[in-house]
Engineer: 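Can you keep this structure in mind? I'll have questions shortly.
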Amino acid sequence: MDEGRRDLAAELRVLAELLIDRVEPVLRRLDTEDAPEWQGCSWCPFCALAAALRGERHDLLTLVTGEMDGLIDVLRDFLQTHGSGRHTPGAAERADAPEGAAPPVVRPASYQPITVTRTREPDPARRPDRDQ
């Protein structure tokens with residue numbers, strides 16, 4: 001099962017890199033400095049789509065491309081940091097462990113049911129009628 005997880009992680013890593021390579025040029029094209037400015041509203045997603053199709057700059061597209069640039073940078077950093085797929089403990093983690101100590105055992109989280117009790121009944125006047 002561990003081999004299957006490694007294969008899946010490697011495939012997801014390749015997929016993420018491919019996605020970045022495909023999305024980044026599109027984002028660059030949506031936020032070019034030399035594109036004409038959109039003359040319609042600046043908040044409507046439909047107008048943003050129309051501006052993208054016409055090759056014009058739109059405030060919403062500029063905002064989205066800026067946020068996506070940040071997300072792509074974080075994703076690239078994550079892929080670079082965790083590229084091998086295996087966690088190697090840092091010097092601080094190794095220094096805390098006593099000599100000859102076994103590596104810590106990581107157990108999956110277990111389900112623990114909880115009991116929920118109401119302190120008061122809901123107000124039927126505030127509840128929308130579902131029969132309408």
Side-chain angles (χ1 to χ4, degrees):
M1 185 68 174
D2 194 33
E3 183 68 30
R5 286 184 184 167
R6 265 191 236 124
D7 291 344
L8 178 63
E11 288 179 18
L12 288 175
R13 193 172 301 109
V14 169
L15 179 64
E17 290 170 357
L18 259 170
L19 183 67
I20 288 172
D21 291 341
R22 298 284 177 130
V23 168
E24 199 168 28
V26 173
L27 292 175
R28 299 285 169 256
R29 200 174 30 216
L30 290 176
D31 192 31
T32 58
E33 294 291 326
D34 58 344
E37 208 47 55
W38 173 256
Q39 298 302 317
C41 69
S42 63
W43 58 269
C44 175
F46 295 111
C47 290
L49 179 62
L53 292 175
R54 292 176 63 179
E56 298 176 355
R57 282 189 73 158
H58 190 274
D59 291 342
L60 187 59
L61 291 176
T62 303
L63 176 73
V64 168
T65 55
E67 295 298 319
M68 289 300 293
D69 279 341
L71 183 62
I72 286 173
D73 290 342
V74 168
L75 188 56
R76 272 206 177 115
D77 185 47
F78 178 80
L79 290 172
Q80 189 176 28
T81 304
H82 301 292
S84 67
R86 287 181 283 252
H87 175 67
T88 54
E93 291 173 323
R94 287 190 300 267
D96 291 342
E99 276 190 47
V105 177
V106 179
R107 294 186 180 93
S110 62
Y111 172 75
Q112 185 175 16
I114 60 170
T115 305
V116 178
T117 56
R118 291 186 176 173
T119 57
R120 61 183 171 90
E121 288 296 315
D123 184 11
R126 294 188 64 173
R127 187 173 174 191
D129 190 28
R130 296 177 191 243
D131 295 332
Q132 292 181 356

Engineer: Are any non-hydrogen side-chain atoms of T115 and T117 less than 4.5 angstrom apart?
Structural biologist: yes
Engineer: With sequence neighbours excluded, what pairs up with E17 under the side chain to side chain donor-acceptor pair (under 3.5 Å) test?
Structural biologist: none
Engineer: Quick one, L60 and P45 - any side-chain contact, counting heavy atoms below 4.5 Å?
Structural biologist: yes
Engineer: Nearest 0.5 Å, what's the CZ-CG distance between R13 and L8?
Structural biologist: 10.0 Å
Engineer: Please assess R28 against E24 for the test side-chain contact (heavy atoms from CB on, under 4.5 Å), listing each intermediate value before the final yes or no.
Structural biologist: CA-CA 6 Å; R28 299 285 169 256; E24 199 168 28; 3.2 Å; yes
Engineer: Kindly indicate whether the side chain of L30, heavy atoms from C-beta on, has any atom under 4.5 Å from the side chain of V64.
Structural biologist: no
Engineer: Checking L79 against I20 for the side-chain contact (heavy atoms from CB on, under 4.5 Å) test, could you report, in this order, the C-alpha distance in whole Å, the side-chain angles of both residues, the deciding distance, and whether it holds?
Structural biologist: CA-CA 11 Å; L79 290 172; I20 288 172; 4.3 Å; yes
Engineer: Do you know the tightest heavy-atom contact between C47 and C41?
Structural biologist: SG-SG, 3.2 Å
Engineer: If you apply the rule side-chain contact (heavy atoms from CB on, under 4.5 Å), what do you find for L71 with L75, and how did you get there?
Structural biologist: CA-CA 6 Å; L71 183 62; L75 188 56; 5.5 Å; no
Engineer: For R54, which residues count as a side-chain contact (heavy atoms from CB on, under 4.5 Å) partner, sequence neighbours excluded?
Structural biologist: W38, E56
Engineer: Suppose we screen for side chain to side chain donor-acceptor pair (under 3.5 Å). Which residues come up paired with D7, at least two apart in sequence or across chains?
Structural biologist: none
Engineer: Is any side-chain heavy atom of T62 closer than 4.5 Å to a side-chain heavy atom of H58?
Structural biologist: no
Engineer: Can you measure from CZ (R57) to CG (L61) and round to the nearest 0.5 angstrom?
Structural biologist: 9.5 Å
Engineer: Measuring only between side-chain heavy atoms, which start at C-beta, is L15 closer than 4.5 Å to L19?
Structural biologist: no
